[in-house]
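As structure tokens, the structure follows; a few thoughts come after it.
Being a predicted model, the structure only gives us computed values, none of them experimental.
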Amino acid sequence: MPFIARWPGKVQPGSVNDHVISFVDILATLAEVAGQPLTQYAEDSYSIVPILMDKDYPKPLREATVIDSNTLIQWPWKLIVGSGLGGIHARYNPELQDDRHKGTHFNELYNLEKDPSETQNLAEQHPEIVERLKKLLNTYKEQGFSVKR
């Protein structure tokens, strides 16, 4: 989802970058801009001030972005851990849209750089990436936050 910022004298007009950010990052960003400490309630929030002010800020801003309890993005990869409902697979494969596949846990892995529309599930071709990202997502769940401390 695009994010547009305007900050005269700070953000260069017309600048563009492709960092992955999250709406929770608004909390840390506004706290930094206001010169206030970040509260304990923003445990997944990163300030995006560095990337707003420097279009060449080195990637990544964060190790990975948690979208929800089953979805993680670590650029360029997006993992959706199988939900038991056939997931997005069913959207593209009519043979998966019947009741025989309910309860089947399909993991989904997409290369967002090459396939931003998420049409080619690469989970079977890259099981090592699926496992690495699942482990990272589980670590975040167990510790209760995703920000590197």
* For atom NZ of Lys10, decide whether the heavy atoms of other residues, nucleotides or ligands shown that lie under 6.0 angstrom number more than 12. => no
* With a 4.5 Å limit on heavy-atom distance, are the side chains of Asn107 and Ile80 in contact? -> no
* Pairwise side-chain contact, Tyr57 with Pro50, heavy-atom cut-off 4.5 Å (strictly under) -> yes
* Are the side chains of Leu136 and Arg132 in touch, meaning some heavy atoms are under 4.5 Å apart? -> no
* Asked: Do Val33 and Met53 sit in the same hydrophobic cluster, where Ile, Leu, Val, Met, Phe, Trp and Tyr count as joined when their side-chain heavy atoms come under 4.5 Å apart?
  -> yes
* Thr29 side chain to Ser47 main-chain N or O, any donor-acceptor pair under 3.5 Å? -> no
* To do: Please report the closest heavy-atom contact between Ala28 and Ser45, naming both atoms and the distance.
  => N-OG, 2.9 Å
* Lys141 side chain reached by Ser69 side chain, heavy atoms, under 4.5 Å -> yes
* Asked: Do any N or O atoms from the side chain of Asn111 and from the backbone of Asp115 form a donor-acceptor pair under 3.5 angstrom?
  -> no
* Asked: Which heavy atom in Glu113 sits nearest to a heavy atom in Pro76, and how many Å separate them?
  -> CB-CB, 3.8 Å
* Asked: Could you give the distance from CD (Glu108) to CD (Glu124), rounded to the nearest 0.5 Å?
  -> 11.5 Å
* Less than 4.5 Å apart, any side-chain heavy atom of Leu109 and any of Lys78? -> no
* Spacing of Thr65 atom OG1 and His19 atom NE2 [to the nearest 0.5 Å] -> 11.5 Å
* Hey, are the side chains of Arg62 and Asp25 touching, using non-hydrogen atoms and a 4.5 Å cut-off? -> yes
* Does the Asp54 side chain pair with the main chain of Ile51, one donor and one acceptor, at a distance under 3.5 Å? -> no
* Asked: Heavy atoms, side chains only, cut-off 4.5 Å: are Tyr140 and Leu72 in contact?
  -> yes
* Quick one: pull up CD in Gln36 and CG in Leu27 and give me the separation to the nearest 0.5 Å. => 13.5 Å
* Asked: Are the aromatic rings of Trp77 and His126 close, with centres under 6.0 Å apart?
  -> yes
* **Sub-4.5 Å side-chain heavy-atom contact between Val24 and Tyr46** => no
* Dump the intermediate steps for side chain to side chain contact (heavy atoms under 4.5 Å, CB included) on Thr71 and Leu79, then the final yes or no. => CA-CA 6 Å; Thr71 309; Leu79 172 70; over 6 Å; no
* **Reported CG-to-CG distance for the pair Leu112 and Asp18, which is rounded to 0.5 angstrom** => 11.0 Å
* Asked: Hey, is the main chain of Gln12 close enough, under 3.5 Å, to the side chain of Ser15 for a donor-acceptor pair?
  -> yes
* Could you pull out the closest heavy-atom pair between Tyr110 and Glu118, with the gap in Å? => CE2-O, 3.4 Å
* Listed partners of Lys134 passing salt bridge (Lys or Arg N to Asp or Glu O under 4.0 Å), at least two apart -> Glu131
* Going through the distances and angles, do Ile26 and Phe3 end up as a side chain to side chain contact (heavy atoms under 4.5 Å, CB included)? -> CA-CA 11 Å; Ile26 300 303; Phe3 181 83; 3.6 Å; yes
* Structure fact -> The reported gap from CG in Leu137 to CG in Asn70 (rounded to nearest 0.5 angstrom) is 7.0 Å
* Asked: Is there a path from Leu38 to Leu52 through hydrophobic residues (I, L, V, M, F, W, Y) whose side chains come within less than 4.5 Å of each other?
  -> no
* Interatomic distance, Asn138 atom CG to Gln143 atom CD [nearest 0.5 angstrom] -> 11.0 Å
